[in-house]
Amino acid sequence: MRSSLLQNFNPEISINSGQVFLWEKHGDCWYGIHGSQVVKFARKPDGSFEFQSFPEGSDIEKKIFRFDDDVEAIFSEISRDPFVAGLLKAYPGLRLMRQDPEQCMFSFVCASNTNIPMIRRMLYSLTRKFGQKLQFDGREFFTFPTAAQINKATVNDLRACGLGYRAKAVKAVAESITGDLDLGFLVRSNYHDAKKELLKVYGIGNKIADCVLLFSLEKTEAFPIDVWIARALAGQYRWLHNLPVSDKITAHQYDVLSERLRGYFGKYSGYAQQYIYYHMRQQAGKKW
DNA sequence: GTACAGGCAGTAT
DNA sequence: ATACTGCCTGTA
């Protein structure tokens, strides 16, 4: 913890920013499902945080909360934009989180055209039906099922988890991962190549692909554009595009806008997106 | 009842 | 390329 920026780090605000879904608070402790592990953290009396994972994993918090990022360099770069510079001060402690790639892919496929409470309901349902039960800290948890476990289910089994028409997409993701799609390879690929591969999967479009790339495949230049971000762009960043003020954008508009945003914000565009997204939700008074 | 919520694929122009 | 539509499900 060499810098004040890191000392400002706040896992709670990061978790509540809507990028992760399977976290819950019990008393003074937070518990999250990260693939086959349960991750726990608690604030100690001196204000610092104590992290734990079950089954034990080394330095899980460094991975999940991206302590390996040079946040000073990142913040310095995205601060070139005055609006984002203000948001960095307004929301100290907010960070990108690094998710388990498989879980992330399933999560965001379930996230299409719905809201956070529903996404949580669907994902918890998947864990209860196909995950593994664990006892930890006197509580019961279910791991996030692997693609192989989900792939044993039929589309109708998946529908029973409340997925609706997304069941077909979840099945397609499970088939891809157990088949040709190598997520480890995508981590080593560049942004555009990795995105192209993700887009081949049924149910994965521009926005979901960018979420998976940013949150789990080490592509910090990914800048997911959902309706919230589109609203922000329409308001704050009119000069970056010629789009009408609107929530909806076409696939082509997405591509053009996406490239311009990457050109403007740089290789850490995704960090800027995270702050803008969080701000939009705050402004809208979202609580969940 | 009906509008809506963190998109996507399919179809028609 | 762009426009339009239907889609599960739960909530307001």
Side-chain angles (χ1 to χ4, degrees), chain A residues 13-23 94 96-97 99 103-126 128-129 153-176 195-216 222-236 241-244 246-259 261 269-270 272-288:
Chain A
I13 182 176
S14 304
I15 283 165
N16 280 328
S17 67
Q19 52 184 324
V20 290
F21 304 104
L22 299 185
W23 285 78
L94 176 61
L96 266 186
M97 291 175 67
Q99 304 184 28
Q103 180 174 343
C104 188
M105 216 167 148
F106 286 114
S107 298
F108 283 94
V109 157
C110 290
S112 92
N113 197 24
T114 188
N115 50 44
I116 298 214
M118 277 298 299
I119 298 166
R120 286 168 59 85
R121 186 193 305 265
M122 292 183 236
L123 296 179
Y124 274 123
S125 182
L126 282 176
R128 282 193 301 271
K129 269 197 182 122
T154 65
V155 173
N156 275 342
D157 294 336
L158 296 170
R159 272 183 181 268
C161 294
L163 300 182
Y165 62 87
R166 300 167 194 82
K168 205 173 148 191
V170 167
K171 180 70 178 176
V173 168
E175 284 171 349
S176 299
K195 182 162 182 178
K196 198 189 293 178
E197 288 306 306
L198 290 178
L199 290 176
K200 290 179 184 170
V201 182
Y202 176 89
I204 297 197
N206 263 322
K207 186 266 177 181
I208 292 176
D210 277 329
C211 285
V212 175
L213 290 164
L214 175 61
F215 297 132
S216 74
F223 193 108
I225 304 171
D226 52 36
V227 295
W228 294 97
I229 292 293
R231 286 168 198 160
L233 297 174
Q236 290 290 334
H241 58 83
N242 315 316
L243 304 176
S246 154
D247 291 344
K248 308 252 179 199
I249 55 175
T250 65
H252 180 249
Q253 287 172 325
Y254 189 109
D255 286 339
V256 173
L257 191 46
S258 189
E259 283 310 306
L261 289 163
S269 292
Q273 190 270 3
Q274 189 64 21
Y275 280 83
I276 296 169
Y277 177 73
Y278 186 81
H279 177 66
M280 292 303 290
R281 302 283 299 191
Q282 290 296 115
Q283 293 293 95
K286 282 283 175 182
K287 300 270 186 271
W288 63 85

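Letters go in sequence order (proteins before strands), and every chain restarts at 1.
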Student: I need the minimum non-hydrogen distance between A:I208 and A:S112, along with the two atoms involved.
Tutor: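 Answer, listing the atom of A:I208 first, then A:S112: CD1-CB, 4.1 Å.
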Student: The side chain of A:C211 lies closest to which of these nucleotides: C:dT11, B:dG6, C:dC8?
Tutor: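 Shortest atom-to-atom distance from the side chain points to B:dG6.
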Student: According to the Watson-Crick and G-U wobble definitions, with both distances under 3.5 Å, which nucleotide is paired to C:dG10?
Tutor: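 For C:dG10, the partner nucleotide comes out as B:dC4, under the 3.5 Å rule.
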Student: Whole Å only: how far is the CE atom of A:M118 from the C1' atom of C:dC7?
Tutor: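 After rounding, the reported distance stands at 13 Å.
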Student: Given B:dA5, C:dA1, C:dG10, which nucleotide is nearest the side-chain atoms of A:H252?
Tutor: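 Minimum distance to the A:H252 side chain belongs to C:dA1.
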Student: Tell me the interatomic distance from A:I119, atom CD1, to B:dC4, atom P, rounded to whole angstroms.
Tutor: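 After rounding, the gap between these two atoms is 19 Å.
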Student: CD1 of A:I229 versus P of B:dG7: gap in Å, rounded?
Tutor: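 Atom-to-atom, A:I229 to B:dG7, this comes out as 12 Å.
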Student: What closest approach, in Å, do A:F106 and A:V170 show between heavy atoms, and which atom pair accounts for it?
Tutor: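 Answer, listing the atom of A:F106 first, then A:V170: CE2-O, 3.5 Å.
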Student: So does A:A153 get a backbone contact from the side chain of A:K171, meaning a donor-acceptor N/O pair under 3.5 Å?
Tutor: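 Confirmed, A:K171 side chain pairs with A:A153 backbone.
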Student: In whole Å, what separates the C1' atom of C:dA3 from that of B:dG6?
Tutor: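 These two C1' atoms come out 22 Å apart once rounded.
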Student: Would you measure the distance from the C1' atom in B:dG7 across to the matching atom in C:dA12 and give it in whole Å?
Tutor: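 It comes out at 22 Å once rounded to the nearest Å.
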Student: Report the distance from atom CD of A:Q253 to atom P of B:dG7, rounded to the nearest whole Å.
Tutor: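 After rounding, the reported distance stands at 16 Å.
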Student: Are A:D255 and A:S258 linked by a side-chain donor-acceptor pair shorter than 3.5 Å?
Tutor: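 The answer is no; no qualifying pair exists.
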Student: Rounding to a whole Å, what distance do you find between A:M122:CE and C:dG10:C1'?
Tutor: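 Rounded to whole Å, this separation is 10 Å.
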Student: Taking only the side-chain heavy atoms of A:R166 (C-beta and beyond), determine which of C:dC8, C:dG10, B:dG6 contains the nearest atom.
Tutor: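 For the A:R166 side chain, the nearest candidate turns out to be C:dC8.
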Student: Write down the partner of C:dA3 under the Watson-Crick or G-U wobble criteria, each distance required to be under 3.5 Å.
Tutor: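 C:dA3 is paired, partner B:dT11.
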Student: Contact class for A:R121 vs. all strands (heavy atom < 4.0 Å): base, sugar-phosphate, or nothing?
Tutor: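 Counting heavy atoms under 4.0 Å across all strands, the contact made by A:R121 is with sugar-phosphate only.
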Student: So, A:R120 side chain and A:N115 main chain: donor-acceptor pair closer than 3.5 Å or not?
Tutor: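 Absent.
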Student: Look at the aromatic rings of A:F108 and A:F215 and report parallel, tilted or perpendicular, splitting at 30° and 60°.
Tutor: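 Parallel.
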Student: To the nearest angstrom, how far is A:I225 atom CD1 from B:dG6 atom C1'?
Tutor: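 Between C1' of B:dG6 and CD1 of A:I225: 13 Å.
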Student: Taking A:W228's backbone N and O only, do any of them form a donor-acceptor pair with A:R281's side chain (distance below 3.5 Å, no angle check)?
Tutor: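 Between the backbone of A:W228 and the side chain of A:R281 there is no qualifying donor-acceptor contact (under 3.5 Å).
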Student: What is the distance, rounded to the nearest whole Å, between atom CG of A:L198 and atom C1' of B:dG7?
Tutor: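 A:L198 atom CG is separated from B:dG7 atom C1' by 15 Å.
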Student: Any chance you could list the contact pattern along nucleotides 8-13 of chain B? Use B for base contacts, S for sugar-phosphate-only contacts and - for none, protein heavy atoms under 4.0 Å, 5' to 3'.
Tutor: SS----
Student: I'd like the P distance from C:dC8 over to B:dG10, given in whole Å.
Tutor: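 One P to the other, the span is 13 Å.
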Student: Using modelled atom types only, decide if a donor and an acceptor are shared between the side chain of A:Q274 and the backbone of A:L94 within a distance under 3.5 Å.
Tutor: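 Between the backbone of A:L94 and the side chain of A:Q274 there is no qualifying donor-acceptor contact (under 3.5 Å).
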Student: Identify, between A:G162 and A:T250, the residue whose nearest nucleotide on DNA chain C lies closer to the 5' end.
Tutor: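 It is A:T250 whose nearest nucleotide is closer to the 5' end.
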Student: When the distance from OH of A:Y277 to C1' of B:dG6 is rounded to whole Å, what number comes out?
Tutor: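 Value for this atom pair: 5 Å.
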